[in-house]
Enquirer: 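Quick one: this structure, given as C-alpha cells, is what I'll be asking you about.
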There are 2 protein chains.
Amino acid sequence: MARRNEHTQEELKEMIIAAAEQIVIEQGFSALTARKIAAKVNYTVGSIYMVFTNMDDLITQLKANVLDAITEEMNQLRHVPPAQYLEEMAKTYLQFSSQNFNRWSMIFEHRLPDGNPVPEWYQYKVEEAFQRVEAQFKSLTPSCSDIQIQRAARAIWGGIHGICALSLSNRLNSLDVYDIEGNMVLLVRNFVIGWINSADR
Amino acid sequence: MARRNEHTQEELKEMIIAAAEQIVIEQGFSALTARKIAAKVNYTVGSIYMVFTNMDDLITQLKANVLDAITEEMNQLRHVPPAQYLEEMAKTYLQFSSQNFNRWSMIFEHRLPDGNPVPEWYQYKVEEAFQRVEAQFKSLTPSCSDIQIQRAARAIWGGIHGICALSLSNRLNSLDVYDIEGNMVLLVRNFVIGWINSADR
DNA sequence: ACCTGAACACCGTTCAAGT
DNA sequence: ACCTGAACACCGTTCAAGT
C-alpha cells in the first residue's frame, strides 16, 4: 500500500469530482461526504486532501461546473430579438434548474465559511451570466447608460432566479413546470414592456 | 441527576428555540448543532429529543419563526395605494433579509430530507405572504381572474426574493443595500407598468 | 415522568509512517 | 512522491438506567 501511482493527480481530481457529482445528483447536496467520495473512487479519505485543500474547495469546483453547464445551455440558444431572447433565457434557466434540481440547488444551499471569500474566478463566471443579460438590454435600449443597463440586468435576472427558487422549493404546491414557465414569461414580458415604456429608469 | 423538573417541557422548548436562534444569528445556520444548543441551555443533548422529534423538526420551527418575523414587519406597513404598497413590501423584505441575513438565509439553506414533506402549517405561512401580494394585484386590476392574480403575485414575489438572494449572496460585489433597493424598485415598478398596460395577462 | 450518560454510527481534517 | 491508516475532535440520534 501507499504509492500506487495508478492515476496522476489530475486524473484523481477528475475522478473525485465525477464521483461527487454523482452523489449530489442521486442523493442531494446534504448527502455529500468526503468518505462517500473516497469509497466511490477506491481511495482513502486522506487522498482527497492531496488534490483539494478541503471540502469547501471541492464543493466550489462542483458549483463552478454547474455554472458552466448553465452557460453551456445558454450557448445553445438561437439568435432572436432581445425581448424574446430574455424569455428564452428564463425558460432555459427554469428547465435546467428543474431537470438538475440537486446540482442547481447546491449552488445556493452551500455557503463558504465567513472567513473564506468567494474566489475571483468563480465570481467571474457569475459575471459572465449577467453580461449576457446586459447585452440584451443594451440592444433593447441602446441609449441607456451602462449603469442603467446593469440595473435592468440584475433586476430581471434576480427575478428569473427567484421564481425558480420559490417555485421549485415549494414544488409540492401543485404547480407544474409549465405553470412556472408561465410566471417566468409573465415577469420578463411585463418587465420589458415596463422598461421600454417607462421614463423612470 | 435526572428528573430536575426545573422547567416545564414548554419552557424547555422555548429555551432551546431561543438558544438555537442565537447561534444562527451569531454563527450562521451551518454552525447550528444539537450539542451547542444543549450546552447553552444547560441540559444534555438527549433532552432536545424530549421536545423535538429531531433536528429537522427544530429547524423547521426556527424557519417558521423567521417567516413570522417577516410577516410582522409587513404588518407595520402603512396603508398606501397598491403599486406603492408592492414597492414598500419589496423594500421591507430586502431590509429584513439584509439585517437578519443568517436567519433569513437559513430558510433556503435548509431542506427537509426527501421523505419528509414540508408540514402543512408551514406551507400555510408561506401562502399567507402570497395572499398579501395577491390582494394588491386584486385592487390594482379588479377585473382579472383569480388565476391571473395568482400568477402576477407569484411572478413578482419570486422576483423580489430573487433579487435579495442573488444580491446578498454575492454581496461582496460592491453593491450596497441602497443599490439593491434601486433594483428592487425597478423590477416592481416596471412589472406593474407592464402589467397594467399589457393585454397579455 | 423526566433527564442523564454512554453508546452507536457517522462526520472533516491531519499527519506520521510505509513504499 | 504518493498514499494509507489511524487518530482527533467533532456530529445526530437512541435508550437503558437512575431518581
Side-chain angles (χ1 to χ4, degrees), chain A residues 1-17 19-24 26-63 106 109-116, chain B residues 1-17 19-24 26-63 106 109-116:
Chain A
M1 54 197 64
R3 194 131 203 263
R4 302 172 1 180
N5 269 336
E6 290 172 8
H7 308 95
T8 65
Q9 302 289 90
E10 207 48 52
E11 281 170 341
L12 182 57
K13 201 165 182 171
E14 279 166 29
M15 287 163 60
I16 289 171
I17 290 280
E21 265 163 5
Q22 220 186 319
I23 292 167
V24 170
E26 289 168 3
Q27 308 173 45
F29 170 61
S30 67
L32 184 69
T33 73
R35 283 173 162 85
K36 270 190 209 166
I37 297 169
K40 238 184 163 74
V41 297
N42 246 290
Y43 275 75
T44 57
V45 218
S47 305
I48 292 177
Y49 294 83
M50 294 171 12
V51 289
F52 293 100
T53 65
N54 53 34
M55 280 300 280
D56 280 318
D57 178 26
L58 197 167
I59 293 163
T60 303
Q61 296 282 349
L62 292 181
K63 288 166 70 173
M106 171 174 59
E109 284 171 15
H110 174 260
R111 238 207 305 164
L112 254 11
D114 275 359
N116 305 34
Chain B
M1 54 199 64
R3 194 128 203 262
R4 305 172 357 183
N5 268 336
E6 290 172 9
H7 308 95
T8 65
Q9 302 288 91
E10 207 49 51
E11 281 171 342
L12 182 58
K13 202 165 181 170
E14 279 166 28
M15 287 162 61
I16 290 171
I17 291 280
E21 264 163 5
Q22 218 186 321
I23 293 167
V24 170
E26 289 167 3
Q27 310 174 42
F29 170 61
S30 67
L32 183 69
T33 73
R35 282 174 163 84
K36 270 191 208 164
I37 297 169
K40 238 183 166 72
V41 296
N42 246 289
Y43 275 75
T44 57
V45 217
S47 305
I48 292 177
Y49 294 84
M50 292 172 12
V51 288
F52 294 101
T53 65
N54 52 36
M55 281 300 279
D56 280 318
D57 178 26
L58 197 165
I59 294 163
T60 303
Q61 298 282 349
L62 293 181
K63 289 166 69 174
M106 171 174 59
E109 284 171 14
H110 174 259
R111 237 207 306 164
L112 254 10
D114 275 358
N116 304 34

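In what follows, chains are A, B, ... by sequence order, proteins preceding strands, each numbered from 1. Everything numeric here is computed off the predicted structure, so don't read it as measured data.
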Enquirer: Based on Watson-Crick and G-U pairs with both distances under 3.5 Å, what dot-bracket line describes DNA chain C 5' to 3', crossing pairs as [ ] and inter-strand pairs as |?
Expert: ||.|||||...|||||.||
Enquirer: D/dC2 phosphate, OP1 or OP2: any side-chain N/O from A/Ser47 under 4.0 angstrom?
Expert: no
Enquirer: Can you check the B/Tyr43 OH to C/dT4 C1' distance for me, whole Å?
Expert: 12 Å
Enquirer: Return the value, rounded to whole Å, for the distance between atom CD1 of B/Ile48 and atom C1' of D/dT13.
Expert: 11 Å
Enquirer: Would you say a side-chain N or O of B/Arg4 is under 4.0 Å from OP1 or OP2 of C/dT4?
Expert: yes
Enquirer: Ignoring hydrogens and angles, write down the donor-acceptor pairs under 3.5 Å from the side chains of residues 45-59 of chain A, residues two or more places apart or on other chains.
Expert:
| from | atom 1 | to | atom 2 | distance (Å) |
| --- | --- | --- | --- | --- |
| A/Ser47 | OG | A/Thr44 | O | 3.3 |
| A/Asn54 | OD1 | A/Asp56 | N | 3.2 |
| A/Asn54 | OD1 | A/Asp57 | N | 2.9 |
| A/Asp56 | OD1 | A/His110 | NE2 | 2.7 |
| A/Asp57 | OD2 | A/Thr53 | N | 3.1 |

Enquirer: Rounding to an integer number of Å, can you tell me how far B/Asn5 CG sits from C/dT4 P?
Expert: 11 Å
Enquirer: Could you measure the distance from the NZ atom of B/Lys63 to the CE atom of B/Met106? Nearest 0.5 Å is fine.
Expert: 8.0 Å
Enquirer: B/His110 has an atom NE2; how far is it from atom P of D/dG12, in whole Å?
Expert: 12 Å
Enquirer: Indicate whether OP1 or OP2 belonging to D/dC3 is found under 4.0 Å from a side-chain N or O atom of A/Gln9.
Expert: yes
Enquirer: For DNA chain D, what residues of residues 51-61 of chain A have any heavy atom nearer than 4.0 Å?
Expert: none
Enquirer: Starting from C1' on C/dA1, measure out to CD on B/Glu11 and report it in whole angstrom.
Expert: 16 Å
Enquirer: Under 4.0 Å, heavy atom to any atom of DNA chain D: which of residues 26-37 of chain A qualify?
Expert: A/Arg35
Enquirer: Of all residues at least two apart in sequence or in a different chain, which pass the side-chain hydrogen bond (donor to acceptor under 3.5 Å, both in side chains) check with A/Lys13?
Expert: none
Enquirer: Report the distance from atom CD1 of B/Ile37 to atom CD of B/Glu21, rounding to the nearest 0.5 Å.
Expert: 10.5 Å
Enquirer: Provide, to the nearest angstrom, the distance between the OH atom belonging to B/Tyr49 and the P atom belonging to D/dT13.
Expert: 3 Å
Enquirer: Between C/dT4 atom P and B/Met50 atom CE, what is the distance in whole Å?
Expert: 8 Å
Enquirer: Roughly how far apart are B/Asn42 CG and B/Arg4 CZ, rounded to 0.5 Å?
Expert: 6.5 Å
Enquirer: List the residues meeting side-chain contact (heavy atoms from CB on, under 4.5 Å) with B/Glu109, not counting sequence neighbours, and say none if there are none.
Expert: A/Arg111, B/Phe29, B/Ser105
Enquirer: Using 0.5 Å steps for rounding, measure from the CD1 atom of A/Ile23 to the NZ atom of A/Lys40.
Expert: 5.0 Å
